[in-house]
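Structure first, commentary second.
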Amino acid sequence: MTNAESPRTAPDLRAIDAIRAELSSARGDDFWHRLEELSARPAFQDWLQQEFPSQAPRFVPALERREFLRLMGASLGVVGLAACTRQPDERIVPFARAPEYVVPGQPRYFASALTLGGAALGVLVESHMGRPTKIEGNPDHPASLGATDALAQAAILSLYDPDRSHSCLRAGQIDTWSAFTGELSGRLERLAALQGQGLSILHAGESSPTLADQLARLSTRFPRARVHRWTPVHRDQERAGAELAFGRDVGTHYHLDRAEVVLALEADLLGSGPGAVRYARDFAHGRLGRAGAAGMNRLYAVESTLSLTGAMADERLALRPSEVEGFARRVARELGLAVEAPALDAFAERFAVAAARALDARRGAGLVVAGREADPAVHALAHTINYELGNTGATLEHTDPLDDLARPAAADLRALVEDVRARRVDTLLVLGGNPAYDAPAELDFAGALASVPFRVHLSAQVDETSALCHWHVPEAHALESWGDARAHDGTVTIVQPLIAPLFGGKSALELLAFVLGEGEKSAYETLRERWRAKSGLAGADFERFWREALHDGVVAGTGAPGVEVHLRSSLDFGASPATATGGLELALRPDASTFDGRFANNAWLQELPRPITRLVWDNALLIGPRTARERELENGDVVELAHEGRHLRAPVWVVPGQAEGTLTLHLGYGRRRAGALGTGVGCDAYALRTGERPWFVTGVELVRTGERHELVTVQKHPSQEHRSLARVATFDRFRADPLGATRPEHGTSELAPPSLYPGFPYEGHAWGMVIDLNACIGCNACMIACQAENNIPVVGKGQVANGREMHWIRIDRYYEEPAGTVDERVTVVHQPVPCMHCENAPCEVVCPVGATVHSSEGLNEMVYNRCVGTRYCSNNCPYKVRRFNFFPYADFETESLKLQRNPDVTVRSRGVMEKCTYCVQRINQARIQAQKEERPLRDGEIVSACQAVCPTQAIVFGDVNDEASAVARLRKEPHHYGLLAELGTRPRTTYLAKLRNPDAELSGT
Amino acid sequence: MAQIFHPSFNTLSKVSIFGAVFFLGAAVWGWDMLLRSPYNTQVDVAREQPVPFSHKHHVAGLGIDCRFCHSSVEDSSFAGIPPTKTCMGCHSMVWKDAAMLAPVRESFQSDRPIPWTRVHDLPDFAYFDHSIHVKKGIGCTTCHGQVDEMPLTWRTATLNMDWCLDCHRDPAANVRPRARVFDVHWDARGLDDAERAALAASYDVKSRLDCSTCHR
Amino acid sequence: MSHAPQAPQAPQTPGPGGDKVIAPGHTLATVSDKITKIVLTRATPRGWYLGFAGSFLLVMVLMVSIGKLLVSGIGVWGVNVPVGWGLAIINMVWWIGIGHAGTLISAILLLFRQEWRTSINRFAEAMTLFAVACAVVFPSLHVGRPWLAYWLLPYPNTMSLFPQFRSPLEWDVFAISTYGTVSALFWYVGLIPDLAALRDRAKSKPWKIAYGILAMGWRGAARHWERYETAYLLLAGLATPLVISVHTVVSFDFAVGNVPGWHATIFPPYFVAGAIYSGFAMVLTLAIPLRKIYGLQDFITLRHLQNMAKIVLATGLIVAYGYAMEAFFAWYSANPYEESMLVNRMTGPYWWAYWTLLLCNVLTPQLLWSKKIRSSVVALFVIALVVNVGMWLERFVIVVTSLSRDFLPSSWDTYTPTRWDWGLYIGTFGLFLSLLFLFIRFLPMISIFEMRTLVPTEGGDEEGHG
Amino acid sequence: MSAPHRHAHRCFGVLAQYTSGAELLAAIEHGQRHGYTNMEAYTPLPMHEVSHALGHENDLPKYVLAGGLLGATVGFGMQYYAAVIHYPLNVGGRPLNSWPSFIPITFELTILFASLTAVLGMLALNGLPRPHHPVFSVPEFEQASRDRFFLLVPHYDPRFDADESARVLRASGALSVSEVPHP
């Protein structure tokens, strides 16, 4: 085909006719089911574009899915009505040849790694009869220590996403891998003759040594080929900052456990970015609030938008992004560095001085962190301060950067586009990523791409970029392919597949192997060759090395060595930047759910309430209360942003703690081709994002459009109404009066107020849980881990809007505004709320059919199959932790989703109540195991899903009757209390109050 | 005024009032009987199978141990249905050409499993663990009946909830020495109540009546 | 105006009987004839056909709403978490309350020997039955899996499980079914002699047979009357504590729960009072048009209306006291949750419901202090309607407002009824009216034999009456 | 005792019609003076005087009391058995025998059983339903459900004699007297 013809304009007619045929043959429900499965096919999108262009995005979003399920409720109803008729025959299908080591019914765990934002997170993947069903952290992995973040938990759903690409596409038409390799090899022959002149490769900058090695070897066959890398969430600022300070790029990572004072500059180091999970753990351990604790670290946060880190801060200052550098300068000068600093407003001034003093007082035990989104100058200032205070080497260390690339990402991509424009690119291989969607706006990458003679896109979904390429090759999921990846500190993990590619995907390694002329060489061979070479081992030794690496999930001794760096003698920060103009500033951030847009079609993440805002199924333009008042804006008002001739429409959401005059918008929404769920959700922030200023732009124009957009949040009321639900005290008060510090002004904190009831005796085990509010950072990992473990369905935006979300554990977020201070100084407390498993459970007494009763070990059991759905229990639950299937929410249709389900947990159907069970399936398995081994259960042997995933170990589960158990010990802490215990519910889930460590110089404004 | 009704109506009307009450009771009773009937529980109903596998022949005839085929019964919740390979282990030598076994050979060659009809099929919301029951000295035949006398397999227990509870309320009644768990000839009268109770105690049998024991 | 009875001994059009319970000049014959005539001889008025058609249309609305509910699931309603109960429960409580007046009139007033009850008890009882019929529609449908609702009944089953008898919902099952049964018995027993009268008056054979079967061969034998009277009195004696227990149990649905705004000891008495309050309002709402249309001013005299008005006023005051106590408890308990519950009712998202309810239930009935208003049929009718609305709002406030904001502010949310919520409610009106229309067409809406006992006989009034 | 038999073949009894309760009472007295001990009266409305005059006794209340007690026992028994004996479950930490919670249902069942006994007992003792009865053959009798009062001397009255009884009744000031034919 000719260059002029763009595949986008040539929808796949053959496939469309096929679809028409299939649909016309179907009737009734069957029609919808068929339609749903078809909708997963890429050709279906084309069909939609053809049939009703305007409808296309709105045709099969989440709500419609629910609509289908609704209709199917009828058939379920019939099943129920026929209750007296006998069970239908069921087939039982064994293996023909059983694989080795597989015990039917017993799960197995495999170590692997998931890569995000250029760094790997070590994981253990639970596999049931060959189906990966759940992801846990790998305790041996430095970035995980057994925990994961929410995104890693959701990866399992991405694996089974029915909207994943199912086959190679040539110009949008279904084609085969061999056809692709055939066409590609021809071109490669020609290119090889030209020494690779005209061959360009754009990869997504993941941290795989083997991939890097392959790319390096490319020069042997194609000396003149060019390799570029683009990922929208890059470390360009960090890199520039390091070069500014040290004259070279370095990787920087922190030892928060050693830091007593931390100053975070526009840095969400607990919430996102490489190592966040590990940093959260270290940080929490640096501030364990326990009786008799000697001390507690103190976090100063300076940021433009309220992040999880800011929410954890003991002292927080909201500044516009452009003001952060000035603040950093002020701190530096206060520390006696020869840096020019602008004048700050009164509070910022005091804040800077206080922070500086604190850092000065803790030389070598302090730490200044500049965030991924902070300007290079801020990074350089942070480096300087750390260097001068002797923190470098103590609380942080420098290594070689994970990626040794010639250029920063933005520059790299610009170079590629320039090549293309200059017609220097004949063949472009895009390995992963989605540049047509997330490239800097000024490049018009999509436009440029369309002019490349031959373009190939390797990706998991048929996305915006695939639509522009001649060839789309389905990419294998990390859980489907061999590979390797490096953690933030350089440690390498061998990525091993848990399952053969569901939809015949290929990994970048395989595609590159083909490009390198190694034919159909498997990623496995490539990997082993590379590591045989790297390890210098052979034969049995190598096999042992290999087995250990696979088993442990880490390759021993691959952590990046520290490097000695010194400040440039010529380092000069020059004049302080002009103070911000009156105009608005727009800060751009990667999203907690979609990240850079890659997870847009992940229903779990879309329905996971975003940190702080608790919004679902949307991104919104965050705006401070005062600014909103000035602009007469309310939640949901759609505004138009304009900057340098670029425009963007977004609904606003008012957030306290947002720096006034600053707007924040998260990346990763407004996808045009993300699949049935993600397409058209939210607004595309990339429209205003340039390579020059990737993280914030100044002088943004804001115009009200008068339109409204419904934004849905799971928490409609922001304050605790002085009910001392999530209790907070200062560390000093706690030390002075451990018991009194967290006592509420009214109500009681005693767990079991007197009762007329004799109370049930609990000999043997008595399960309980303690949640340490002081450790909880509100990262949502527990919510989604619970969702994965317990087959919790998603319900869609509309249902959430109606208060019907299904999460078994939720995180309540309460704002507290210190008396007489401005909105920016709001503080936040997070409170995870699972079922309390009350000993005097109000829900049980009112159930007319006994569908919820108590177990002999004190579990509040919910028996789905007995439940008729009166919802009385939910009304009577003071904690409102019960969830009801108002519709048949669980997807009983989509085959691939069935594979993900945990076989040990019932999939609930329409009309039944459900709630947290303390992961009773895990309790039972552990008990049975212990019984079989004829030994008592050990403390810590049973780990609930939420506990396992928690990065800060805020959740502890165990036997409260066992004096020695961790949970029993925590229940003896002075600041231990039961939520609403004064109602006499005797909750088994209890809390440790949150402790703040404010700076005396700042507190009491 | 003339009579409206024939004298017989007097009896009729009296009977019908009593009848109504009686009919109601009968209906409820009938419903319950239906639920407990073999029609619903499929007790004693031999089930057609793709291959007419005879436990009688393999167990009584050849004396093959249960675990030879149901290999994971001691370590897993699921006792395990043998892969075709297990069948072929013998039937590649004996009866290698029997027409009856054609599906087995076909399955082995095509590597496509045999779709057996499930005889003991619990509802999806009920979770049962074979390994722990075996460990606590509950024998196969206690629930599965004398499979050694079944040419085609059938249920001997209703698998109704009250049937499960009967045993969980009095486990000692069904406990046998671990050595005899897989013994199809074990006779419950082999032990007296005291001995069974002692056995149950020594096995630390903790039969639980909590809902979450089986429903989660 | 009234229709002169055809019977020979009939006086010249006895005028509306003022403060009498029956207009002067009536004899056993005229009473019997006048009432039976409505059912047997008089042509069915066109208004009846129109009314019945309209009501039946609403029944169709009910059917559609139920169909949609069963097919799609409870989610078609507005209910959510935290507001797990919505219109369904509100309507159930409302209808049950309506029903109470019937039993009260027929049973309690009978025990107190209130003659004036005689002419209204029959259709008051019918009203009870139909109201209960409407009420039970809701609890049976509002569960998530209606096809399993029978699990609330104790019956032999293979799960060897019983219902959970500690649950107020379980108490409801027994209370309401008992209430329905006893009301039906009471109503039917009262009908037997009148059915005999209809049997004897009916012209056509089929009707004779129909009424004959229902009359069970009643022939007014003295020894039968003896046992009949005893049974009737005993039923009244049993129905009286029953009717009080029923709304007490209904109030337990809330009072036993721990939701602020539910968990109050005042609930049982003030629910019962509220039930009678709304019940009498409904009797007025129905009686006033009926006596007009069927010219029954002789039997349902102004005295009846005024007595009912007085009861409405009295119970209205009790209800008002209930509201006051709720507020007082909230304040006096110094319990932060109760306090904020009160504030929420007055100023929260549903403030309008609370204030409208006070207007309807507390202020409006005060008008009844004036004799002038009590004697104005129109005024009574309007007030009755207002009270019906008010009592519905009371349940709305109790159910929705309390649930929407309980203990954890993080879970606070609001509830908006959907068209399917309303469809079901409106539909039950259809059911209620259809049944009522059928009743007044085919059965004597006034107890004939009891009316006979009111007739002053020559030789003095020596008959004992019910 | 052949007379009743002979007459039994002829008719069921003799029925007299009166226009008021007062007349009926007088007639009863009259009849009793003539030694009739087994008369039956029919009235359009309940009249205790009549049944007193005829000396009827009535033990329905005893049955109802029994019914109520049975209901109470069944009610509480069922709940106690279910919660304590059959499948004891820990429900919200409440005692197994949480008798206060069992009161409402016990009460309701008491009422239910008592009411059913009252109605069914009344019907049974009255021998109802009985759609066919000889007296219905008398044309005037349909007035019994309007405004007329009737007195029957049945064939099973020891002193019964069709002609004699008819004469006595006529003498009692009856509006009309008619023989009730046997079915």
Side-chain angles (χ1 to χ4, degrees), chain A residues 70-71 73-74 77 80-81 83 715-723 725 746-747 799 802-805 810 812-814 831 833 842 844-851 853 866-876 878-880 882-888 910-913 979-980 983 985, chain C residues 70-85 139 142-152 159 161-173 253-254 256-260 262 334-337 340 399 402-403 405-416:
Chain A
R70 246 183 243 199
L71 289 163
L81 287 167
Q715 186 176 342
K716 276 123 188 154
H717 199 82
S719 128
Q720 317 195 30
E721 300 289 320
H722 312 291
R723 290 182 176 186
L725 306 168
H746 39 53
Q799 292 295 303
N802 199 356
R804 294 173 178 180
E805 63 270 18
R810 63 170 194 266
D812 290 346
R813 179 265 301 122
Y814 295 115
Q831 182 171 41
V833 183
E844 293 176 359
V845 189
V846 296
C847 177
V849 291
V853 297
R866 176 66 176 173
C867 177
V868 297
T870 66
R871 306 185 298 292
Y872 200 173
C873 52
S874 171
N875 289 349
N876 218 33
Y879 311 95
K880 291 289 172 280
R882 291 179 157 265
R883 300 294 181 221
F884 189 68
N885 292 271
F886 289 91
F887 289 119
R910 162 192 165 190
V912 300
M913 192 63 69
L979 182 59
L980 297 177
L983 299 180
T985 53
Chain C
L70 293 181
V71 169
S72 301
I74 213 82
V76 299
W77 291 349
V79 285
N80 57 21
V81 177
V83 189
W85 288 352
H142 102 293
V143 297
R145 303 198 287 174
W147 54 90
L148 294 180
Y150 67 92
W151 281 356
L152 272 76
M159 305 169 283
L161 287 177
F162 270 91
Q164 205 279 100
F165 292 111
R166 296 173 189 82
S167 165
L169 282 186
E170 195 57 36
W171 306 344
D172 274 352
V173 172
D253 289 347
F254 307 104
V256 166
N258 60 4
V259 180
W262 283 15
N335 175 326
Y337 309 112
S340 68
V399 173
S402 312
L403 283 175
R405 295 191 162 188
D406 63 354
F407 295 96
L408 297 190
S410 61
S411 311
W412 289 1
D413 204 341
T414 55
Y415 158 82
T416 325

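Convention: sequence-line order gives letters A, B, ...; per-chain numbering from 1.
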Taking the six-membered ring for Trp, are W77(C) and F886(A) ring centroids under 6.0 Å apart? no

Starting at CG of N80(C), measure out to CD of Q799(A) and round the result to the nearest 0.5 Å. 10.0 Å

Between V256(C) and V845(A), is the side chain to side chain contact (heavy atoms under 4.5 Å, CB included) condition met? List the steps. CA-CA 9 Å; V256(C) 166; V845(A) 189; 5.5 Å; no

Strictly distance-based, threshold 3.5 Å: is any side-chain N or O of R871(A) a donor or acceptor partner for the main-chain N or O of V79(C)? no

Whatever's closer than 4.5 Å to a heavy atom in chain C on Q720(A) counts as backbone

Chain C interface, residue from V833(A), N875(A), N885(A), L725(A) that has the most non-hydrogen pairs under 4.5 Å: N875(A)

Restricting to non-hydrogen atoms, name the atom on E721(A) and the atom on P409(C) that form the minimum distance, rounded to 0.1 Å. CG-CG, 4.0 Å

Pick whichever of D812(A), V853(A), V846(A), N876(A) has the most heavy-atom pairs under 4.5 Å with chain C. N876(A)

Can you tell me which of R145(C), R405(C), M159(C) forms the most heavy-atom pairs within a distance under 4.5 Å of chain A? R145(C)

Go through the atoms of F162(C) and report whether side chain, backbone, both or neither lie under 4.5 Å from a heavy atom of chain A. backbone

Tell me, side chain or backbone of R810(A) under 4.5 Å from chain C's heavy atoms, or both, or neither? side chain

With a 4.5 angstrom heavy-atom cut-off, which part of W171(C) approaches chain A: side chain, backbone, both or neither? neither

Could you look at N335(C) and say if it's the side chain, the backbone, both or neither that has a heavy atom under 4.5 Å from chain A? neither

Of the listed residues (P718(A), A851(A), C867(A)), which shares the most heavy-atom pairs with chain C below a 4.5 Å separation? C867(A)

Under a 4.5 Å heavy-atom cutoff, which of P842(A), G869(A), S719(A) has the most pairs with chain C? G869(A)

Yes or no on side chain to side chain contact (heavy atoms under 4.5 Å, CB included) for Y872(A) and D253(C), after CA distance, side-chain angles and deciding distance? CA-CA 9 Å; Y872(A) 200 173; D253(C) 289 347; 4.3 Å; yes

Just wondering, do F407(C) and K880(A) contact through their side chains at under 4.5 Å, heavy atoms? no

Chain C shares the most heavy-atom pairs under 4.5 Å, among R866(A), M913(A), R883(A), with R866(A)

Using a 3.5 Å distance criterion without hydrogens, assess whether the side chain of E170(C) forms a donor-acceptor pair with backbone atoms of V849(A). no

